[in-house]
Amino acid sequence: MDNSRLSGGGHILHLDLTWVHVLYTQAAYGSGKDLAPPESQSLLLALIRQHWGVGSRALADIFVPSADAEDRRRFAAQQRDAADPEQAAAMLELSWQIDAKRDGSKVDVSTLVLHRQEDRAVPVDHGQWLARSIPGARLQLLPGDAHAPWFGPLDIAVQANSFLLG
């Protein structure tokens, strides 16, 4: 795949040097119903749109569940600073539409897929599937439950550097 992402993007950390990919998986291997039932999706979207303060705290509980109260508060505040309620809901809806099924086999460069073992937002089987779908990809499971790559142990940076430097 020449300097492009998997359909729908879906990963926060994406280093593409044409000859190597490092993917921090957030991509789903199916429709949004694989990540949450439609009723739960509708309720969360309504909460975000109607009360972004409470909605952003709900997202913090999903994306950084083991973070302490201050880190969850900061995460929620960052979410509110980065997007208004409608933008946040639209981005979440888009994330539930990601489907990397059709593109994984097209990747033709060395690929490292990073995924947290206890991620509640995108379960580990999604990262395992993504790694299996990309020819020759290597999967590195990381400790922790934070969906956001900048939370939790810095193993992500260590693993990416190790892979990139050989």
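For reference, positions follow the sequence shown, starting with 1. The structure presented is a predicted model; accordingly, all values stated were derived computationally and were not measured.
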Is there a side-chain contact between [X] and [Y] in this structure, where contact means two heavy atoms from C-beta onward sitting under 4.5 Å apart?
X	Y	answer
P123	L35	yes
Q128	L141	yes
I48	L92	yes
L59	W52	yes
S133	L130	yes

Could you measure the distance from the CG atom of L142 to the NE2 atom of H115? Nearest 0.5 Å is fine.
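It comes to 9.5 Å.
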I134 side, atom CD1; K106 side, atom NZ - distance, nearest 0.5 Å:
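I134 CD1 to K106 NZ: 12.5 Å, rounded to 0.5 Å.
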[X] to [Y] - nearest heavy-atom pair and separation:
X	Y	result
A131	A137	O-CB, 3.4 Å
H51	V54	ND1-N, 2.9 Å
H147	V122	CE1-CG2, 3.4 Å
A83	A88	CB-N, 3.9 Å
D68	D71	OD1-N, 2.8 Å
I62	A121	CG2-CB, 3.9 Å

Apply the test side chain to side chain contact (heavy atoms under 4.5 Å, CB included) to residues Q78 and D81: give CA-CA distance (whole Å), side-chain angles for both, the deciding distance (0.1 Å), then the verdict.
CA-CA 5 Å; Q78 289 170 345; D81 289 344; 5.6 Å; no
So does D61 pair up with R72, basic N to acidic O under 4.0 Å?
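Yes, D61 and R72 are salt-bridged.
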By the salt bridge (charged side-chain N to carboxylate O under 4.0 Å, His left out) test, which pairs, at least two apart or in different chains, include something from residues 45-59?
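Pairs touching residues 45-59 that pass the test: R49-E86, R49-E93.
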